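All values derive from a computational prediction rather than experimental measurement. By convention in this document, chain letters (A, B, ...) are assigned in the order of the sequence lines, proteins followed by strands, and residues within each chain are numbered from 1.
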Amino acid sequence: MSVRVRYAPSPTGLQHIGGVRTALFNYFFARSQGGKFILRIEDTDRERYNDESLQDLYDTLEWLGIQWDEGPGKGDFGPYVQSQRFDIYQEYAEKLLKDGKAYYCFCTPERLDAVREEQKKNKSKIQGYDRHCRDLDPAEALKRKESGEPCVIRLKVPLDGKTTFHDEIMGDITRKNSDVNPDPVIVKTDGFPTYHLANVIDDHLMGITHIMRAQEWIPSGPLHVLLYQAFGWEPPKYCHLPLVMGKDGSKLSKRHGATSLRDFRLGGYLPEAITNYISLLGWSYDDSREFFTREDLEKLFTLEKLNKAPAVFDYKKLEWFNGQYIRQRSPESLKELLLPILQKDGIISNPPTQRELNIFDGALPLIQERMKFTTDVSEMVRFLYQEIESYTTADALPKKMELAAVPAILEACYSLLEGFEQRSDEENEQLFYNKAEELGIKMGQILQPLRVAVTGTRISPPLFESIRLLGVDKAAARIKALSEQIQKETA
RNA sequence: GUCUCCAUCGUCUAGGGGUUAGGACACCGGGUUUUCAUCCCGGCAACGGGGGUUCGAUUCCCCCUGGAGAUGCCA
């Protein structure tokens, strides 16, 4: 039987690292097996549902380059949106009712709270629902329901025995039925199914062969198997993925830093870096290789190399990957990414002028080696497009020197700008070197004030290229400006 | 509390009855260099503890400890 897997997010928030890792692994598994990857929207929680989350899901998958074989608007097992499958769940819930596998429950939330409270106070061994309505007469219950009394439907979990399911990574996992959530709600008061019911029905109806989801679902594994058994269905294979944790060892969440893919996208991360790094969370290929494109993973992914232990999300390593991938990009594709950022930050106009583009093309090779995030671009090239508001003169002061001595150095630099553009960088370097010797100072001591004058900061792309890109006239004017400011301050 | 799962450098991991326990990030040194980066070289650093099994356990088994997850009319 060919592999059919699904990613089934709930549109109640932004797509985050954990969810996307699950999506990726399902997708890679499907591709590597020549199977189908299905996207299903689990929007049964009408309270928390929101459109923005749905849009974010689509945006994220597109950004990562993940395409689904079946999903909303595509495929023969639809609809793929649970809110559009309302009647299906109702039908199957009624079947369970008819077979005596489920029952109506009229307990109010207040009563449930009281029960829980009581259990807590008494340190009771029994947790959860007390099965108050389990033995109601079905005919009587139906009458109450039809008279309009609010109710839910609960699954009759066997009182004894145990349930085992096999996990492809973890092996057999067994749980006593008495330890399973006592008669969980499968249909809510609003008539919508809960996750457990909808999920099981859909996975069965859609012919899902492998359920790959995070380990946080392990505890409900036996419950799902019980549900399959109640329907008389064969459960699919299970594969529980290790959790992604924050630095402190608890499940990764917002307080650990950025977790939504949108934040990463806006923060200057590349999709290929994210894909590569995330894939290494709980999965590995061999003892040394760690660079993988999405296409590589579509071929190389295997269940066997999945790990059991949770993985801590390391922002530093992701950053490193990001830098690596920025350097790997072709200048053209990087440019495509960078120009919109420069426009957004108001560095260049929209559309950019030819002059702006020329400067950018010259600067790109200089900054590509230096960027960690695409969003670094604006600060790196700002001095090429905008005038320097004011100098921090202390920056221009080289080690072991008096500020009052700096204008003389700047003066020397100014004079060397004569004919600068006609000379090669090597020749210019020689000239500056000679000048430094003449002044009895080090190369760095002459270049630092010059760098600050031209770029406004102590840290910049290579100086001579920067002067070339900026234009010698502008560079000269900035040298004068800084010199004057220092003279004023030291007067 | 109860149930379930997990356990190799700080982090991601490879490995597996006999290895100098390998790689990567981070960190620390050094080199290249006009700054910052990049790049190159080097270093630090791990099998949680106790019992077994065995000629031999980091590897297999048990216990402990530690961590996590679940215990919802959320998924």
What is the nucleic acid contact for [X], judged by heavy atoms within less than 4.0 Å: base, sugar-phosphate only, or nothing?
X: A:Lys176; value: nothing
X: A:Asn199; value: nothing
X: A:Ile446; value: nothing
X: A:Lys305; value: sugar-phosphate

If a pair satisfies salt bridge (charged side-chain N to carboxylate O under 4.0 Å, His left out) and one of its residues is in [range], list it, with sequence neighbours excluded.
range: residues 210-221 of chain A; result: A:Glu216-A:Lys251
range: residues 305-318 of chain A; result: A:Glu290-A:Lys317
range: residues 430-442 of chain A; result: A:Lys435-A:Glu438

Tell me whether the side-chain N or O atoms of A:Lys317 pair up with the base of B:rA24 as donor and acceptor below 3.5 Å, since no angle test is needed here. yes
Each nucleotide N or O in nucleotides 73-75 of chain B that has a protein N or O under 3.5 Å away: list the pair and distance.
| residue | atom | partner | partner atom | Å |
| --- | --- | --- | --- | --- |
| B:rC73 | O2 | A:Thr189 | N | 2.8 |
| B:rC73 | O2 | A:Thr189 | OG1 | 2.7 |
| B:rC73 | N3 | A:Thr189 | OG1 | 2.4 |
| B:rC73 | N4 | A:Cys107 | O | 3.2 |
| B:rC74 | OP2 | A:Lys188 | NZ | 2.9 |
| B:rC74 | O2' | A:Asp45 | OD2 | 2.8 |
| B:rC74 | O2' | A:Arg48 | NH2 | 2.9 |
| B:rC74 | O2 | A:Arg48 | NH2 | 3.3 |
| B:rA75 | OP1 | A:Thr44 | OG1 | 3.1 |
| B:rA75 | OP1 | A:Lys188 | NZ | 2.6 |
| B:rA75 | OP2 | A:Tyr195 | N | 3.1 |
| B:rA75 | O3' | A:Glu42 | OE1 | 3.2 |

What does nucleotides 32-45 of chain B look like as a protein-contact string, B for base, S for sugar-phosphate only, - for none, at under 4.0 angstrom between heavy atoms? --BBBBSS------
Shortest non-hydrogen contact from A:Leu410 toward A:Ile479: O-CG2, 3.4 Å
Think A:Lys251 has a side-chain N or O under 4.0 angstrom from the OP1 or OP2 of B:rA70?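 Indeed, a polar side-chain atom of A:Lys251 lies that close.
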Measure from NZ or CZ of A:Arg144 to the centre of the six-membered ring of A:Tyr104 and say whether it is under 6.0 Å with the direction within 45° of the ring axis. no
For nucleotides 59-64 of chain B, print each protein N/O atom paired with a nucleotide N/O atom at under 3.5 Å, atom names and distance only.
none

Measuring from the side chain of A:Met170 (C-beta onward, heavy atoms only), which nucleotide among B:rC5, B:rA14, B:rC12 has the closest atom?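 Output: B:rC5.
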